[in-house]
Each structure stands twice: as C-alpha cells, then as structure tokens.
Number of protein chains: 2
Amino acid sequence: MGVMEMNELLQSCGLKCTKQRLCILEILNSADKPLTAEEIHTLTPGTALSTVYRILDKLLEKNIVIKTTIPLSDGIFYELTANEHKHFAICLACHKLKYIDICPIHNTTVSDFTITGHKLELYGYCRECVK
Amino acid sequence: MGVMEMNELLQSCGLKCTKQRLCILEILNSADKPLTAEEIHTLTPGTALSTVYRILDKLLEKNIVIKTTIPLSDGIFYELTANEHKHFAICLACHKLKYIDICPIHNTTVSDFTITGHKLELYGYCRECVK
DNA sequence: AAGTGAGTTGCGAAAAATTCGCATTTACTG
DNA sequence: CAGTAAATGCGAATTTTTCGCAACTCACTT
C-alpha cells in the first residue's frame, strides 16, 4: 500500500490525513508481524503514546486494523486488516510463528451470514521441536 | 468436562487441585463464550483477583486455556483450549457473535509443521445487517 | 495565499488492568 | 497427621490505557 492509497483510505473513512496516521499505517503495512501499541510508539518518534492509542482506536473503529493476541506471547497486538490474510502457525514448544500460504477457507459458506474476511491460526509443533 | 476430569487434568500438569482452580475451570467449561478476567473474578466469589490472574497464567502456561480478543469487543478474553473448536462468525455491523459448526480445516497440512489445533474466526454481515 | 473551524495532537494526570511481595493457608507425600 | 512445597489473600506497586484541555493542523473557503 503506497502513501496515495493510505491517503484515500483515510479520507474515505472521514479521517483527516495527518503525518502521525500515515506513519502508523506505514509501520503496520511494512511489519511482518502484528505489533503492540508500545512497539508502534517506539517506531513513531515524536508522537505521544496517547496519540498512538487514539489513532489505533480510530483505525479499529473503521475496521482498518484488527486487535489480536498471539498465543504464548504476552500483550495485545495490532495489524492491518488487509494483512490479516497472512495466516500463521504457532509452535507450542518454541513459540515461534511461521507464516503460511495455505488458506482452506476458499469456498466456505455459512447460512445466514455473508463472509467478508477471516482469521486462521494453526497450533502445533515445528520441525525442530517435533524431534 | 466433569470434576473428576478436571482433577486429572490439573494433576497431569503438576498443578495442585484447589477449589479456586476447579471453580475457574468449571466456569470456563460452562461458559458459552470467552470471558474476561474480571468476569471470571465476579463468578468466583471469595477468590482474590490476583489469584484469578495467577490461575489463568498457569492454565495458559499449560495450554489449558487460551487468551484471545474478540473483534469489535473491548478487553482480553479467556476460554478453554478445548472449547476453542467452537468457531464463530462476527458481524461487523451489529458486533454479534454466531457460533458455527463448519470446520474447513479438516485435511489441512503444512510443510514442516505438525498441526494439533487451530482457531478460526469469520468476519462479515449477519442476515439482519445485510438488509 | 490568508482565514476559519472541526478534528487532532501533546502533555500530564487519572483510571483501569495486571503483577508482585510476603505472611498465612492448603494440598499432597510418606 | 506432620512436613513441605505450592497456592492464596491482601494490599501495594507497576504497567497499560484513557481522559481533559490547551495548542496545533488539516481541509475547505474566500
């Protein structure tokens, strides 16, 4: 996602396009894993922690980001809803995450429900820990 | 899950079988949705809040419970890992949860990874809100 | 380009959530 | 049923998140 698209995204939600918001979107966009509020704050120098929380709240409200926990990790994490489709497998022994490509949800349907997105986590043991 | 099974579960993990722990397992077992630490505390009269947190920590450590967030709801929730297979669909408009039976994960395999469990959430719109 | 106003931010303080220390109690072992 | 390690209660400390308010900035208008 480029700056232009972020700009449009914010405007289409009725949110002003500030440099703090662009910065946080940028960070979430380039992250290869969900981040905590504290981590995001560290990566946005000059931005107040309370502002980070307020921006995240707005983005949550607009369904642009999603809040999540990671099994066996502490804290609350945020990630772009758009990135959410990067599913992952979590090793119960070493606690490492492994991103996976597969998506078994393709043709899934649920009665009386229109599916627009989903989240999948697999638990188990990585090759190293199985030994 | 009956009291006997909970007893065995705790013992097999090397955890002492206290009435506080049984009470919390009981609560989680009969809950039809994930609960917050505060909710669990309210349902275990006479137990200190710090004890609730300590018990939940132990249960997390032993993979008996799982910590989770619920999209569009505030707070952190706990549920039995065993209950986790009750997948749900979340309406992005009215924020209601709908438990679903389907599980498209059946024969899924991932290279270099032994799958032992999973978690699936579907997002979208319920029949009411689609209108 | 300067003017305007709603929405945003920074800062510190307040509130809420979680963890910790320590004295006391409890569950399991022999 | 005595001994011991583990668990609990209580309150205080710490961490996380929210809030109030003055100052600032974006987007829109002349």
Side-chain angles (χ1 to χ4, degrees), chain A residues 3-27 34-62 64-78, chain B residues 3-28 34-62 64-79:
Chain A
V3 174
M4 286 308 284
E5 292 164 69
M6 291 181 189
N7 227 297
E8 280 167 32
L9 177 60
L10 290 172
Q11 291 196 335
S12 69
C13 292
L15 296 177
K16 281 191 184 169
C17 180
T18 66
K19 67 173 188 303
Q20 292 89 339
R21 283 176 180 167
L22 285 176
C23 179
I24 287 180
L25 283 177
E26 186 71 49
I27 287 165
L35 302 173
T36 64
E38 193 51 47
E39 289 172 325
I40 295 168
H41 178 232
T42 303
L43 296 169
T44 49
T47 301
L49 180 55
S50 56
T51 299
V52 171
Y53 277 108
R54 277 185 293 219
I55 290 176
L56 289 172
D57 275 351
K58 286 286 185 200
L59 298 179
L60 282 166
E61 200 177 283
K62 303 299 184 185
I64 296 171
V65 307
I66 192 170
K67 201 192 249 192
T68 182
T69 54
I70 298 183
L72 309 178
S73 294
D74 287 335
I76 300 182
F77 298 81
Y78 299 84
Chain B
V3 175
M4 286 308 284
E5 292 165 69
M6 291 180 189
N7 228 297
E8 281 167 33
L9 177 60
L10 290 171
Q11 292 196 334
S12 70
C13 293
L15 296 177
K16 282 190 184 173
C17 181
T18 67
K19 66 173 189 304
Q20 291 88 340
R21 284 176 179 167
L22 285 175
C23 179
I24 287 180
L25 282 177
E26 186 70 50
I27 286 166
L28 290 172
L35 302 173
T36 64
E38 192 51 48
E39 288 171 326
I40 294 167
H41 178 233
T42 303
L43 295 168
T44 49
T47 300
L49 180 55
S50 55
T51 299
V52 171
Y53 278 108
R54 277 184 292 217
I55 290 176
L56 289 172
D57 275 351
K58 286 286 184 199
L59 298 178
L60 282 167
E61 200 178 283
K62 302 299 183 186
I64 296 170
V65 308
I66 193 171
K67 200 191 247 191
T68 181
T69 54
I70 298 182
L72 309 178
S73 293
D74 286 336
I76 300 183
F77 299 80
Y78 299 84
E79 67 181 322

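So that the names make sense, note that chain A is the first sequence line, chain B the second, and so on, each numbered from 1. Model, not experiment: these values are computed from the prediction.
OP1 or OP2 of D:dG9 sits under 4.0 Å from a side-chain N or O of B:Q20. Remark: B:Q11 is in phosphate contact with C:dC28, judged by side-chain N or O atoms under 4.0 Å from OP1 or OP2. In this structure, B:T51 reaches the D:dG9 phosphate: one of its side-chain N or O atoms is under 4.0 Å from OP1 or OP2. Between B:T18 and C:dA27 there is no side-chain polar atom (N or O) within less than 4.0 angstrom of OP1 or OP2.
In this structure, B:I55 atom CD1 and D:dG9 atom C1' are separated by 12 Å, rounded to whole Å. In this structure, B:L60 atom CG and C:dT18 atom P are separated by 12 Å, rounded to whole Å. With rounding to whole Å, A:L10 atom CG is found 13 Å from D:dC26 atom P. Rounded to whole Å, atom P of D:dT16 lies 11 Å from atom CD of A:E39. Computed from coordinates, the B:L49 CG to D:dA13 C1' distance equals 15 Å when rounded to whole Å. For the pair A:K16 NZ and D:dC24 P, the interatomic distance rounds to 15 Å; values are reported in whole Å.
Looking at which nucleotide of DNA chain C each of B:A37 and B:L15 is closest to, the 5′-most match is held by B:A37. Comparing B:S50 and B:N7, the nucleotide of DNA chain C nearest to each residue sits closer to the 5' end for B:S50.
Checking B:L59, B:N7, B:L15 one by one against B:R21, the side-chain contact (heavy atoms from CB on, under 4.5 Å) holds for a single residue, B:L15. Put simply, the residue from B:I55, B:L28, B:T47 that forms a side-chain contact (heavy atoms from CB on, under 4.5 Å) with B:I40 is B:L28.
For B:D57, taking side-chain heavy atoms from C-beta onward, the closest of the listed nucleotides D:dA7, C:dC28, C:dT19 is C:dT19.
One can find a donor-acceptor pair under 3.5 Å joining the base of C:dG10 and the side-chain atoms of A:R54.
A:T42 contributes a side-chain N or O that, together with a main-chain N or O of A:E38, makes up a donor-acceptor pair within less than 3.5 Å.
Side-chain contact between B:Y78 and B:L35 is absent, with no heavy atoms from C-beta onward closer than 4.5 Å.
B:G46 comes within 4.0 angstrom of sugar-phosphate atoms only, judged by non-hydrogen atoms across all strands, and of no base.
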